[in-house]
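Order of the sequence lines fixes the chain letters, A, B, ..., with proteins taken first and strands second; residue numbering starts at 1 for each chain.
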There are 2 protein chains.
Amino acid sequence: MTPRERVRDAYARIALGERPEAWITLRAEQEVLAEAAALDEDLPLAGLLLAVKDNIDVAGLPTTAGHPGYAYHPARSAPAVQRLVDAGAIVLGKTNLDQFATGLVGTRSPYGPVRHARDPEKVSGGSSSGSAVVVALGIADLALGTDTAGSGRVPAAFHGIVGIKPTRGLVPTEGVVPACRSFDCVTVFARDLVSAQRAMTIMSDPVWPVDAPLAAPPRPVVAVPARDQLTGMSEEWLDAFGRAAKTLEAAGAVLRPVRLEPFLEAAKLLYNGGFVAERYAAVGAFLDEHPDGADPTVAGIISAARDIPAHVLVADTERLERLRAEAMAEWGDADALLLPTAPIHPTIAEVAADPVGVNAAVGTYTNFCNLFGLAAVAVPAGPLGVQIITRGYADAVATGVAALLTGGPAPAPAARGLRLLVVG
Amino acid sequence: MTPRERVRDAYARIALGERPEAWITLRAEQEVLAEAAALDEDLPLAGLLLAVKDNIDVAGLPTTAGHPGYAYHPARSAPAVQRLVDAGAIVLGKTNLDQFATGLVGTRSPYGPVRHARDPEKVSGGSSSGSAVVVALGIADLALGTDTAGSGRVPAAFHGIVGIKPTRGLVPTEGVVPACRSFDCVTVFARDLVSAQRAMTIMSDPVWPVDAPLAAPPRPVVAVPARDQLTGMSEEWLDAFGRAAKTLEAAGAVLRPVRLEPFLEAAKLLYNGGFVAERYAAVGAFLDEHPDGADPTVAGIISAARDIPAHVLVADTERLERLRAEAMAEWGDADALLLPTAPIHPTIAEVAADPVGVNAAVGTYTNFCNLFGLAAVAVPAGPLGVQIITRGYADAVATGVAALLTGGPAPAPAARGLRLLVVG
């Protein structure tokens with residue numbers, strides 16, 4: 001397909017009317033077609049269609065962060081978007097999200113709860129709900145999300161697509177509405193690992209430490225929790241997780257056990273404690289003044305953070321450091337950690353019945369990653385998704401181990417300061 | 001003098017009874033003499049006498065942090081102390097300080113306000129008050145301080161001695177009672193730059209980035225504020241500062257002007273805003289439960305921080321980042337920044353009349369350094385002290401430029417991972 005044909009195909013899929021709630025702002029087809037016609041087809045991402053989560057700025061389109069009253073019109077695109085556009089990607093529009101990127105379910109939005117792409121009874125996963133859905137539906141080739149608690153991985157897992165959550169700091173968060181600013185990452189979804197990795201390489205700053213690994217070793221050591229370490233999962237999903245580990249082993253990985261306690265204990269700190277104050281600092285005053293248009297669950301979480309004392313945030317920061325040291329000692333010399341992306345895939349009704357509890361359960365295995373400064377790639381594995389998690393700046397190891405699991409070609413190693421040369 | 005003679009000389013000076021308030025715990029002379037007799041005289045610091053600020057652990061001696069009720073008996077010495085002891089230094093005892101290292105004056109202690117070594121009407125400077133005084137009196141050769149707002153530099157300036165405040169993170173803060181934990185540094189005082197630098201090299205972790213400079217360039221570019229940028233200083237001190245700049249220029253430095261506004265604005269954040277919550281997190285609950293033995297000014301500052309909301313700390317952290325970017329743009333390609341260490345040297349009576357206001361004025365030019373992650377060396381310069389400030393991890397540039405100013409030999413460059421080999 002030429003870029004113009006690809007655009008027509010996307011708008012034809014959109015015209016089918018499936019999951020209209022995935023979009024907050026959709027560009028006019030004629031405008032996008034004109035852009036496709038003017039495209040330099042030698043660019044590395046020439047003609048790939050891009051959806052952007054609506055907490056990331058795209059020049060010319062409003063940014064709402066999922067709250068109509070919050071909308072503003074950015075003069076510039078976020079660097080993450082601009083770099084993809086400069087590489088030939090074409091923006092289709094802005095996607096729905098859990099308001100202010102606070103949630104992992106996809107239902108917390110006045111633009112409508114985002115239903116799963118195939119099973120409308122189930123949640124899409126969030127907070128990058130619309131982005132994952134439009135990739136899963138074949139409308140967009142690439143979609144940007146953000147990930148603080150797992151928002152760039154959980155909806156990938158629910159849809160059997162790939163989500164790359166880089167080490168925080170690699171992709172600029174300029175032009176992104178902060179959720180919990182110290183821990184926010186820009187992420188990318190695609191239907192295959194190579195496409196996602198290509199986009200991620202283009203979006204990243206060349207800020208790798210000199211000792212950052214360029215690829216996974218041929219026989220990576222992968223830490224895998226024993227079955228009894230994984231709580232809250234069905235027997236079917238536990239079996240699937242066991243099969244994913246075996247697939248990795250058959251592909252050359254050396255498996256070793258890992259105790260998850262310090263990881264899971266840290267995970268709870270993201271919403272139960274001082275760090276929620278970052279969410280209040282970002283949008284709390286706005287929410288206090290604009291009760292209309294607020295999602296009640298999101299507003300409840302963020303407004304409650306107004307009164308958290310600063311010394312609690314300080315104590316939680318110290319506690320996180322201690323847990324990180326403990327977790328990394330447990331991690332030892334493993335190249336990667338294999339975990340389920342989410343332990344459950346709830347229905348929209350289940351989330352409505354217990355919005356906070358179900359959301360927390362969904363984040364069990366994702367919440368700690370950004371708190372610890374780790375990198376992760378979410379890939380499909382049977383009926384559930386798994387994550388390949390690595391230490392910070394070992395992003396190339398994560399994609400390399402993920403390729404062992406998915407059986408596709410290993411993505412090219414990330415360029416170091418030569419961003420555009422290796423991805424064409 | 002042999003080490004034993006040096007010990008006897010120190011205790012003879014102590015016996016003169018000058019500034020007894022400088023000590024909180026003094027070891028028995030016989031014990032110290034026995035240690036001196038058993039010493040390996042080939043060690044790099046063999047027989048140098050060390051005083052330790054009483055918020056830093058020394059095994060066998062209580063740590064009070066300036067509050068009798070807080071005292072505990074550490075099982076191990078802080079790594080900073082242990083490394084000096086392993087290199088041959090002999091601990092004399094623990095020194096008085098502004099309680100919980102909260103203050104720059106030296107008067108905020110139930111163990112007595114620490115008077116200046118020569119002029120008992122004037123403050124010693126703090127919070128590392130006793131450490132500076134016992135070095136100035138010739139009792140100790142080296143003394144450890146800590147520096148959050150300027151506590152390792154202000155008392156050096158008031159006493160015409162040297163104080164090195166390294167980049168934070170270089171010297172472990174393990175075994176140090178936190179003041180404002182994100183910004184605390186262990187520092188060293190000595191009567192000359194080479195001794196201070198030698199001790200600092202031994203105390204430091206080998207964690208330098210690969211691009212950290214190993215020495216000052218032969219013609220360093222030094223940013224120097226114009227006279228009208230320096231507020232609150234007497235004409236005499238302004239003249240002395242101008243002479244220090246001229247001395248540096250005559251020694252080869254290339255001077256250029258600098259605008260101080262973003263530096264001084266950030267300085268205010270250390271006590272006026274969210275960061276004080278770190279002090280509450282460290283000792284606030286203790287102070288709430290132990291009003292006896294608390295210095296009223298210190299307790300007032302720390303207890304007031306109990307109710308600071310976490311979102312204010314988050315907002316201040318972001319504000320600090322913006323001010324740092326602005327300040328570093330102003331800094332540009334300068335190798336160092338020359339500033340007065342303190343703008344005034346108050347009397348004890350002046351501090352008593354306005355404990356918070358005078359203290360804040362003293363910290364005008366020191367408070368921003370740790371907030372910005374900078375390194376600094378305080379050296380004597382006429383009737384006032386000046387600081388040579390550098391970017392983080394450019395500590396070797398700071399001591400090199402300081403050597404240009406003091407005219408002594410340039411200290412050996414810091415070893416990188418070969419700590420003990422180059423300092424003997």
Side-chain angles (χ1 to χ4, degrees), chain A residues 100 102 148 168-169 172-174 176-184 207-212 269-289 301-322 325 393 416-417, chain B residues 100 148 168-169 172-174 176-184 206-212 269-289 301-322 325 393 416-417:
Chain A
F100 296 121
T102 295
T148 307
R168 67 184 154 85
T173 50
E174 198 188 322
V176 179
V177 179
C180 190
R181 191 168 164 272
S182 298
F183 305 113
D184 297 340
V207 292
W208 305 85
V210 285
D211 59 349
L269 286 175
L270 194 58
Y271 277 107
N272 299 332
F275 294 120
V276 196
E278 292 205 11
R279 298 181 193 266
Y280 187 86
V283 297
F286 171 85
L287 279 171
D288 290 346
E289 287 163 24
I301 291 166
I302 296 179
S303 294
R306 182 178 41 219
D307 300 322
I308 296 170
H311 64 86
V312 169
L313 174 56
V314 173
D316 280 359
T317 303
E318 295 175 19
R319 186 168 151 68
L320 176 60
E321 271 179 52
R322 287 193 300 273
Y393 300 105
R416 301 294 148 88
Chain B
F100 295 120
T148 307
R168 68 185 154 84
T173 50
E174 198 189 320
V176 179
V177 179
C180 189
R181 190 168 164 273
S182 298
F183 304 114
D184 297 341
V207 291
W208 305 86
V210 285
D211 59 349
L269 286 175
L270 194 59
Y271 277 107
N272 299 332
F275 295 119
V276 196
E278 293 205 10
R279 298 181 193 268
Y280 187 85
V283 296
F286 171 85
L287 278 171
D288 289 347
E289 286 163 24
I301 291 165
I302 295 179
S303 295
R306 182 178 39 219
D307 301 321
I308 296 169
H311 65 86
V312 169
L313 174 56
V314 173
D316 280 359
T317 303
E318 294 176 19
R319 186 167 151 70
L320 176 60
E321 270 179 52
R322 287 192 300 272
Y393 300 103
R416 302 291 150 88

Residue selection (most heavy-atom pairs with chain B, distance under 4.5 Å) from A:A277, A:A315, A:A282: A:A277
Inter-residue atom distance A:H311.NE2 - B:I302.CD1, 0.5 Å rounding: 13.0 Å
Options A:S182, A:A310, A:P309, ranked by heavy-atom pairs under 4.5 Å with chain B, top entry: A:A310
Engaged part of A:R181 at the chain B interface, taking heavy atoms whose separation is under 4.5 Å: side chain
Closest approach of B:A281 to A:V314 (non-hydrogen atoms, all atoms of both residues): CB-CG1, 3.4 Å
Largest heavy-atom contact set with chain A, pairs under 4.5 Å, which of B:I308, B:D307, B:T317, B:V276: B:I308
